[in-house]
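Contents: one structure, followed by commentary.
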Amino acid sequence: MTVVPSKSPGPETDDAATVPPARAATKAADSAEPVSASASAPVSGRFLARAALVTASLSIAGSLLGLVRDQSLARLFGAGSDTDAFLVAWTVPEFAATLLIEDGLAIALIPAFSMALARRARGAAGDPVRALVGATLPRLCLALAAVAALVAGTAPLLVRALAPGLPDPGLAADCTRITATCVLAFGLAGYCSAALRAHRCFLAPAAIYVAYNTGIIGAMFLFGADWGVRSAAVGVAAGGCLMVAVQLPSLWRRLASRTQPLAGAGAESEGQPMQLALVAAVLLFALCRQSQVLAERFLASGLPSGAISHLNYAQKVAQIPMTLSLMVCTVTFPVVARALADGDTERARSRVERDLALAACLVLLGMCPVIACAPQMVELLFQRGAFSASDTAATADVMRVYALGLLGQTLVGALVRSYFSAGRAVWYPLGAMTAGITVTFSIGAASVHSWGVAGIAAANAVGITVTAALLLAGLRTGRRNSPYGVSVRVRQVLAELGRLLCAAVVATAAGAYAAGRMPSPAAGLVAGLLTVTLVFVPLTWAFGAQGSASALRSLRAVTRRLPHGRFR
């Protein structure tokens, strides 16, 4: 299939339209900007590796700032009724981030932008990309503004519904009114991220959580003495605005570079019902997935003060490996969507299977030290100021249990993109997620009075693992005419996961032994990390796991582009 390259601004793509497609990909890979390429040129492995590296680097920076944010929250306000009140209000940005940035709008919009870019490359009349923006962005802004106003107006009712046993619901309602502004800000940030990633630009979208956490940390230290924990809510609102600000210049350059008139409304009306169904299917799935947080906080609100905080701190640390492992899928999701838009289902299947292996390898490598070194991690990160030794012990216990579900969390995040990569509305993921949530709430309600927050964390791990198993089964290759666009060889994927899990069990045991022999938390953490790495990596090679081999190939592809220690 011949693809006519399009021209987009910036030094990385200025000459993409004047060379053949194969050379355009090479020019994009050799450019000064390592995370942007012509949206119509073929994607090279080196470009994907470099994009993944830059995305992961900025995500690590954002995660580290997230740890600093949580450390600041713990140091300034401890783990008591005030932080519990703020964390109930934080349910709003957590939901908004999942629905509008991570698993919601991105999954729906990236295939839509990929199809628009494919039509543009085939010489469609007008500019399909700008037509898509004109048809969707104004309506989205109005809808999000209305939802933000509704959340702010019903804040007391929401607090009572989310955490009926909360000691200070008034404080939680005040924080909820402030954080409600993030609904609009996160929606705009997610829209910009989806559009830029579809254009194969990853630098600005990867920087959004750096900006977000910077806003929260700054607000807590500037206003914490006078406003208390409400300052953190103000930081959420400011951080949401910063997420939009860091992306607007890049998106504006790409949209303003083409001067063709917008396509007529009639040209897009035929696909509109399907687009609405797709958005509904994606958002309902994301809403159902995020309802795990509702179940956890609802059950924990009846426990002694600090239970919600312990669960929150444990999740924030344990989720870092999952977040970083999904960066692989974040970078390759536009590639899968574009392959399906071009009708190349085999390339899409191969890409998805490689992503599953690599993401599983990375998350398990991160999960091992989280379980093995949980007390050392929590003590080093949080035990200061108002955060006591008893808080450390409780948080570490929860973190170990919660980490058991990290592989399931990663697989769900990777697999759901496959279901929606063809840009069609499918409802099977919603059913799988509903089954998982039912398991989560049932086990949590039965175990919370006996095991406390550890029972809630265990319910989360079991429920998300059930969802992952159902999603994987739905993509089996037996469905040659799969309605989802992508199918995978389930037996091969399960065999790969089995090899990685065996290596993870051995590495975790060795890491826990090494960490427990050290006299200080810092020494124990270093010993545990080194032991886990030195055991896990050779075992994956010995077992023949493909994920570690894929990671090594990606690293080699990146290092080839690093003469004298930097990108050309």
Side-chain angles (χ1 to χ4, degrees), residues 66 69-101 144-145 147-187 189 209 212-213 215-224 226-243 287 290-303 305-316 319 386 453 456:
R69 175 201 67 204
D70 292 336
Q71 287 176 324
S72 303
L73 185 69
R75 181 169 185 169
L76 293 172
F77 310 114
S81 59
D82 282 1
T83 51
D84 283 355
F86 168 70
L87 291 173
V88 170
W90 205 349
T91 304
V92 175
E94 284 180 327
F95 260 75
T98 299
L99 291 172
L100 304 175
I101 299 177
L144 293 175
V147 173
L150 179 63
V151 171
T154 60
L157 297 176
L158 285 175
V159 169
R160 283 198 292 270
L162 292 173
L166 199 65
D168 191 354
L171 176 59
D174 290 344
C175 292
T176 301
R177 292 188 185 98
I178 299 172
T179 58
T181 59
C182 75
V183 174
L184 177 58
F186 282 19
Y209 284 110
Y212 175 62
N213 288 319
I216 298 175
I217 295 167
M220 283 195 293
F221 280 100
L222 286 174
F223 309 118
D226 297 326
W227 298 351
V229 79
R230 291 178 179 85
S231 62
V234 173
V236 169
C241 296
L242 292 175
M243 294 169 87
L287 184 65
Q290 193 62 19
S291 63
Q292 284 183 312
V293 176
L294 297 182
E296 293 168 2
R297 289 179 181 168
F298 180 87
L299 295 171
S301 66
L303 297 175
S305 294
I308 295 177
S309 298
H310 296 150
L311 190 60
N312 170 76
Y313 294 131
Q315 288 178 342
K316 292 299 186 293
Q319 284 182 346
V453 287
I456 298 174

Exercise. Which pairs pass salt bridge (Lys or Arg N to Asp or Glu O under 4.0 Å) with one or both residues in residues 77-97, sequence neighbours excluded?
Worked result: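 Output for this query lists Glu94-Arg297, Glu94-Lys316.
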
Rounded to the nearest 0.5 Å, how far apart are [atom1] of [X] and [atom2] of [Y]?
{"X": "His310", "Y": "Leu87", "atom1": "NE2", "atom2": "CG", "value": "11.0 Å"}
{"X": "Thr83", "Y": "Leu76", "atom1": "OG1", "atom2": "CG", "value": "11.5 Å"}
{"X": "Arg69", "Y": "Asn213", "atom1": "CZ", "atom2": "CG", "value": "4.5 Å"}

Suppose we screen for side chain to side chain contact (heavy atoms under 4.5 Å, CB included). Which residues come up paired with [X], at least two apart in sequence or across chains?
{"X": "Leu144", "answer": "Leu100, Leu140, Val183, Leu184"}
{"X": "Phe298", "answer": "Pro164, Phe441"}
{"X": "Ala152", "answer": "Ala180"}
{"X": "Ala314", "answer": "Thr395, Val398, Met399"}

Kindly write out the residues that satisfy ring-ring contact (aromatic ring centres under 6.0 Å, His included) with [X], not counting sequence neighbours, or none if the list is empty.
{"X": "Phe77", "result": "none"}
{"X": "Tyr313", "result": "Phe382, Phe387"}
{"X": "Phe223", "result": "Trp227"}

Let me have the donor-acceptor pairs involving side chains of residues 230-241, under 3.5 Å, with sequence neighbours excluded, atom names and distances please.
residue	atom	partner	partner atom	Å
Arg230	NE	Asp174	OD2	3.4
Arg230	NH2	Asp174	OD2	2.9
Ser231	OG	Gly228	O	2.7

Exercise. Which pairs count as side-chain hydrogen bond (donor to acceptor under 3.5 Å, both in side chains) when at least one residue sits in residues 155-164, sequence neighbours excluded?
Worked result: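 Matches after skipping sequence neighbours: none remain.
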
For this session: Identify, with sequence neighbours excluded, every residue that meets side-chain hydrogen bond (donor to acceptor under 3.5 Å, both in side chains) alongside Thr181.
Result: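 Here no residue qualifies.
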
Exercise. Does any non-hydrogen side-chain atom of Leu73 lie less than 4.5 Å from one of Ile216?
Worked result: no

Problem set entry | Minimum heavy-atom distance between Thr176 and Thr179, given as atom pair plus value | O-OG1, 3.1 Å

Problem set entry | Considering all heavy atoms, the nearest Pro93-Cys182 contact | CA-SG, 3.5 Å

Problem set entry | side chain to side chain contact (heavy atoms under 4.5 Å, CB included) assessment of Ile101 paired with Tyr209 | CA-CA 11 Å; Ile101 299 177; Tyr209 284 110; 3.8 Å; yes

For this session: Write out all pairs satisfying ring-ring contact (aromatic ring centres under 6.0 Å, His included) with one or both partners inside residues 151-179, taking only residues at least two apart or from two chains.
Result: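 Sorted pair list comes back empty.
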
For this session: Give the intermediate values and the outcome of ring pair (Phe, Tyr, Trp, His ring centres under 6.0 Å) for residues Phe186 and Tyr212.
Result: CA-CA 10 Å; Phe186 282 19; Tyr212 175 62; 5.4 Å; yes

